[in-house]
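Below, read A as the first sequence line, B as the second, and so on, with proteins coming before strands; counting in each chain starts at 1.
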Protein chains: 2
Amino acid sequence: MMMIDYAILGLLSWKPLTGYDVKRVMQDSPFLYWSGNNNQIYKALMRLLENGFVTNEIQYQESAPNKKIYSITESGMSELLRWVMSEEPEVPEFKKTFLIQLSWAGCLETEKVEELLARYEKIMTQQLAMRREEKCREKNFPNRSKQEHFMWEMIYDNFVMMCEAELCWIQSFREGLEHLKRENKHEPQED
Amino acid sequence: MMMIDYAILGLLSWKPLTGYDVKRVMQDSPFLYWSGNNNQIYKALMRLLENGFVTNEIQYQESAPNKKIYSITESGMSELLRWVMSEEPEVPEFKKTFLIQLSWAGCLETEKVEELLARYEKIMTQQLAMRREEKCREKNFPNRSKQEHFMWEMIYDNFVMMCEAELCWIQSFREGLEHLKRENKHEPQED
DNA sequence: CGTAACATGTAATCCGTTACATGATTCG
DNA sequence: CGAATCATGTAACGGATTACATGTTACG
């Protein structure tokens, strides 16, 4: 059982879904960080089935491919709850390619660094708008219990806050750069 | 050429290093997100050598394994600068296992959710302290130019701010939970 | 006397992604 | 009539991690 198995088990704990449904949810939930590819999802569903944590019911559809609707079992439910409570929370991992890009720009002129920073600020502002919209969409999402609603909203909010923090950092970086520029003017022969 | 190649090239743009040095820097810089394993580093160094972006000088040491000290070339330097300025900044990726864990805890009693949250808060507080210490260590780091210093400090600061944002989110989650609890008391038969 | 740090490399494995394969329907 | 959506699966590839292999010195 790997992480993705528990993620899927979790989705099924709310309502029965097909593999295709799971795929779609994963694709547009940034916190389910897998790309939502078939290979992992269908394999995970098979693993869950083997372990008896889910069952599937085949819905024959004329004039459309058959559906396999997966539901969580009692055993699956208790396994999920066990995992949720026993797994020690992990510190989040960040993959910030931009930091790598920026870090070696130290030898560039300050203007170039500022340009890079401005470009990053632009895409992060877009990102923030997107996340906010996602959160808003969640508000109007039908067929969700109060709990479910609350969870999704908080999760979207997490990403919103991450974007805001990043933008805040960009600003402080910019101020630091300004400071450095002024210092260099005073003593331009610094080694 | 992949991302890790540019990361190493960047490190070498500051000072010549051995593969082993690179490994250590990667291991304790959270923003160089690779685990710092030999396989990738030595292969990347070979690729860089093949492309003429670095040269190596072998230092024979009696009574110790030989060192290969890698230095960036002119061509490597211009390739690095080209990459830094041409690469479109990417939005950061987050891998927050805890969000997955928490999201399916909706069916649990509120107390359990609060317990999970408290555990997460604890490790994030520790994390924040670590990041702050790292930033502090950087302040007293010897043999670094003003620019280099500034960059590292800002990068460490980025991680500090991420931790702070996360802790802030935890707090708002907790308040949301309180709110939900009070609502459920008033209308406990909610479906 | 075992373990950690120094130092360079390779092999095996795992996880995740893209792309492929199939096939019906619907929309522009 | 091609592209997109629905629907399930497999194959191939590439990136990253762990573990293996080798050998010295220094420290507790």
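A close approach under 4.0 Å does occur between a side-chain nitrogen or oxygen of A:Tyr20 and OP1 or OP2 of D:dC6. One finds no side-chain N or O of B:Tyr42 lying less than 4.0 angstrom from the OP1 or OP2 phosphate oxygen of C:dG9. Using a 4.0 Å cut-off, some side-chain N or O of B:Thr18 falls inside it from OP1 or OP2 of C:dT8.
B:Tyr60 places its OH atom 18 Å from the C1' atom of C:dC6, with the value rounded to the nearest Å. The CD1-C1' distance, from B:Ile58 to C:dA7, rounds to 13 Å in whole Å. Rounded to whole angstrom, the span from the CG atom of B:Asn66 across to the C1' atom of C:dT8 amounts to 10 Å. If you measure from atom CG of B:Leu49 to atom C1' of C:dG9, you get 15 Å, rounded to the nearest angstrom. In this structure, B:Gln27 atom CD and C:dC6 atom C1' are separated by 13 Å, rounded to whole Å.
In this structure, B:Trp104 contributes its side chain and B:Ile100 its backbone to a donor-acceptor pair below 3.5 Å. Here the side chain of A:Ser29 pairs no donor or acceptor atom with the backbone of A:Leu32 at under 3.5 angstrom. Between the B:Asn66 side chain and the B:Gln61 main chain, a donor and an acceptor come within less than 3.5 Å of each other.
Transitive grouping of hydrophobic side chains (ILVMFWY, heavy atoms separated by less than 4.5 Å) keeps A:Phe141 and A:Ile155 in distinct clusters.
Across B:Arg137, B:Arg132, B:Glu133, B:Lys135, a single residue satisfies side-chain contact (heavy atoms from CB on, under 4.5 Å) together with B:Tyr156, and that is B:Lys135.
Remark on DNA chain C: of its neighbouring residues B:Lys68 and B:Arg24, the 5'-side contact belongs to B:Arg24, judged by nearest-heavy-atom nucleotide.
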In 5'-to-3' order, the base (B), backbone-only (S) or no-contact (-) status of each nucleotide in nucleotides 13-22 of chain D, using a 4.0 angstrom heavy-atom cut-off, is --SSBB----
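Classification of B:Lys67 and B:Glu57 as a salt-bridged pair fails, no side-chain N sitting under 4.0 Å from a carboxylate O.
Among the heavy atoms of the strands lying under 4.0 Å from A:Met46 are primed sugar atoms or P, OP1, OP2 only; no base atom is included.
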